[in-house]
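Report on the structure given below.
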Amino acid sequence: MGIKITTTGHYLPPHIVSNHDLTAFLDTSDEWIKKRTGISQRYISTGENTSELAAKAANVILEKRGISSEEIDFIILATMTPDASSPSTACLVQEKIGATNAFCFDINAACSGFVYALSTACHLMRSGMYKKGLVLGAETMSKIVNWEDRSTAVLFGDGAGGLLLEESETDHFVAEDLHSDGSRFIALTADDKKVTNPFAAATDDVVTAKQYLQMDGRGIFDFVIRSVPKTITDVVAKGNLVKEDIDWVVAHQANIRLLEAISKKVKLPLSKFASNIAETGNTSAASIPVLLSQMVDSGQVAIGDGSHILFTGFGGGLTWGSIIIKL
Ligand code: ACO
């Protein structure tokens, strides 16, 4: 028995913030942001939390597929911006969409989250115990960004996307290659939670500063250039394919210059790297499913067209990894 991606969907909050809008309160410019990142605008939540964005994406998927939420066996949601530590955001989505028969949990692998969640879902389905699983990536990055820090505030956006996996005669999953390196965690941190109980040693740490996302931009750039071309090459080999077999690379949308550098190093033409970074900014775990869903909606790819799509994610942890599917 195989596993098939049958439906995709996404939801972006309606409020658009252009680069120009940011210049009202940040010492930055449209020219700097576009040249360094490729970003022109981003969607920013004016109140909807991660579970609300994700539930809207999930409802799009269910409506497109024409099935009831009660048919869903599990919901796996990738996020680094959950509504709360408990309950999981996946359980909140369950409650919102009425998926009463599902078991639900979150995965946090930062910007690699969707690739990790898709791998986990694939292996659960392989057990033969489940028929339908929802895999979602959703973020409200706007709530962990320091809006006074121009070096990070300009990069991120909010959104949610996902897909439905179903038991099937055909199989879409070709190969995967996942990695983490916790020794380099310091390059990207957010929402640091200190032990502050009545028995804890006193600390001079300024806790609030660490609640914001902090990033070593150059460090991340170097990590991506070293690690991502290798995972792309390795997953192609694991799938017994050659690079030319790959029709689309759907990479985490962090920065257009990163996509250009990866394309050059891995010797795959940039035209094969799908991108929506100009429109959405970096939506972390939501970036890959939102982009895939937009590609399906625009007819760039179609489920059942046999194209090889290589997903590659990279981000905090550090984490990185790739999955190849044959649609
Ligand atoms: N507007 C104007 N100037 C700015 C801005 C801004 N928004 N941000 C920083 N600058 C200034 C800096 O203050 C610095 O000024 P100085 O030279 O006077 O000190 C100058 O621009 C250069 O700053 P750098 O941080 O060195 O800029 P860099 O060329 O490295 O570009 C960037 C920064 C875009 C973040 C780059 O490092 C990068 O692409 N890193 C990859 C990491 C990434 O994309 N992270 C996303 C999240 S992580 C993930 O998704 C995996």
Side-chain angles (χ1 to χ4, degrees), residues 17-42 78-81 108-116 137-142 144-159 178-182 184-191 212-229 231-232 249-265 273 275-278 280-291 311-322:
V17 176
S18 69
N19 291 344
H20 179 73
D21 294 334
L22 295 177
T23 63
F25 58 95
L26 283 173
D27 180 14
T28 188
S29 68
D30 179 52
E31 192 198 357
W32 191 98
I33 300 169
K34 271 194 192 142
K35 191 166 166 225
R36 304 282 177 126
T37 71
I39 298 167
S40 299
Q41 61 163 58
R42 69 287 292 143
T79 190
M80 64 179 282
T81 52
N108 179 351
C111 305
S112 310
F114 187 77
V115 171
Y116 276 49
E139 304 278 14
T140 38
M141 296 302 287
S142 61
I144 59 164
V145 157
N146 178 357
W147 287 98
E148 292 176 1
D149 173 14
R150 66 177 182 174
S151 68
T152 52
V154 304
L155 302 175
F156 296 94
D158 302 331
L178 304 182
H179 301 274
S180 304
D181 180 1
R184 291 188 282 166
F185 78 91
I186 203 70
L188 202 154
T189 58
D191 207 9
Y212 292 124
L213 182 142
Q214 299 189 331
M215 180 185 77
D216 166 11
R218 290 273 166 93
I220 292 281
F221 206 99
D222 288 348
F223 144 65
V224 173
I225 296 313
R226 279 169 210 271
S227 309
V228 177
T231 174
I232 290 177
V249 179
V250 178
H252 167 52
Q253 303 289 296
N255 187 316
I256 197 69
R257 290 191 311 164
L258 277 176
L259 298 186
E260 289 163 0
I262 295 166
S263 144
K264 207 167 161 190
K265 195 155 175 202
F273 284 70
S275 184
N276 63 0
I277 182 95
T280 62
N282 179 345
T283 59
S284 184
S287 75
I288 289 174
V290 168
L291 178 54
F311 299 119
T312 189
F314 44 87
L318 299 174
T319 55
W320 66 104
S322 304

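Order of listing sets the numbers, starting from 1, for every ligand and every atom in it. The figures that follow rest on heavy atoms only: side chains count, while hydrogens, waters and symmetry mates do not. The model shown is predicted, which means the values in this text are computed figures rather than measured ones.
For atom 29 (O) of ligand 1, the closest heavy atom belonging to the protein is Arg36 NH1, 2.4 Å. Given atom 51 (C) of ligand 1, the protein heavy atom at minimum distance is Phe314 O, 3.3 Å. The protein heavy-atom contact nearest to atom 45 (N) of ligand 1 is Met215 SD, 3.1 Å. Scanning all protein heavy atoms for the shortest distance to atom 24 (P) of ligand 1 gives Arg218 NH2, 4.0 Å. For atom 10 (N) of ligand 1, the nearest non-hydrogen atom of the protein is Trp32 CZ2, 3.4 Å. For atom 1 (N) of ligand 1, the nearest non-hydrogen atom of the protein is Thr28 OG1, 2.7 Å. At the top of the distance list for atom 42 (C) of ligand 1, counting protein heavy atoms only, stands Ile220 CG2, 3.5 Å. Ranking protein heavy atoms by distance to atom 11 (C) of ligand 1, first place goes to Arg150 NH2, 3.5 Å.
Taking every heavy atom of Gly315 and a limit of under 4.0 angstrom, the matching atoms of ligand 1 come to 51 (C). Remark: ligand 1 atoms within the under-4.0 Å shell around heavy atoms of Phe156 are 47 (C). Listed by number with element, the atoms of ligand 1 under 4.0 angstrom from any heavy atom of Asn255 are 34 (C), 38 (C), 39 (O), 44 (O). Here is the list of ligand 1 atoms found below 4.0 Å of a heavy atom in Arg257: 29 (O), 31 (O), 36 (C), 39 (O). Set against the non-hydrogen atoms of Gly217, the atoms of ligand 1 under 4.0 Å away are 37 (O), 40 (N), 41 (C), 42 (C). Within ligand 1, the atoms closer than 4.0 Å to a non-hydrogen atom of Val154 are 7 (N), numbered from 1 in the order shown. Ligand 1 places these atoms under 4.0 Å from at least one heavy atom of Cys111: 49 (C), 50 (O). Listed by number with element, the atoms of ligand 1 under 4.0 Å from a non-hydrogen atom of Leu188 are 48 (S).
Arg184 meets the salt bridge (charged side-chain N to carboxylate O under 4.0 Å, His left out) test with Asp181; sequence neighbours excluded.
Heavy-atom neighbours of Phe25 CZ from other residues, nucleotides or ligands within 6.0 Å: above the threshold of 12.
For atom 40 (N) of ligand 1, a protein non-hydrogen atom is found at a distance below 4.0 Å. In this structure, atom 13 (O) of ligand 1 is in close contact with the protein, since a protein heavy atom lies within 4.0 Å of it. Put simply, atom 5 (C) of ligand 1 has protein non-hydrogen atoms near it, under 4.0 Å away.
Ser18 and Gln41 share no donor-acceptor pair across their side chains, judged by distance under 3.5 Å alone. A donor-acceptor pair shorter than 3.5 Å can be found between the side chains of Gln253 and Ser275.
Remark: ligand 1 and His252 share an N or O pair separated by less than 3.5 Å (distance only, no angle test).
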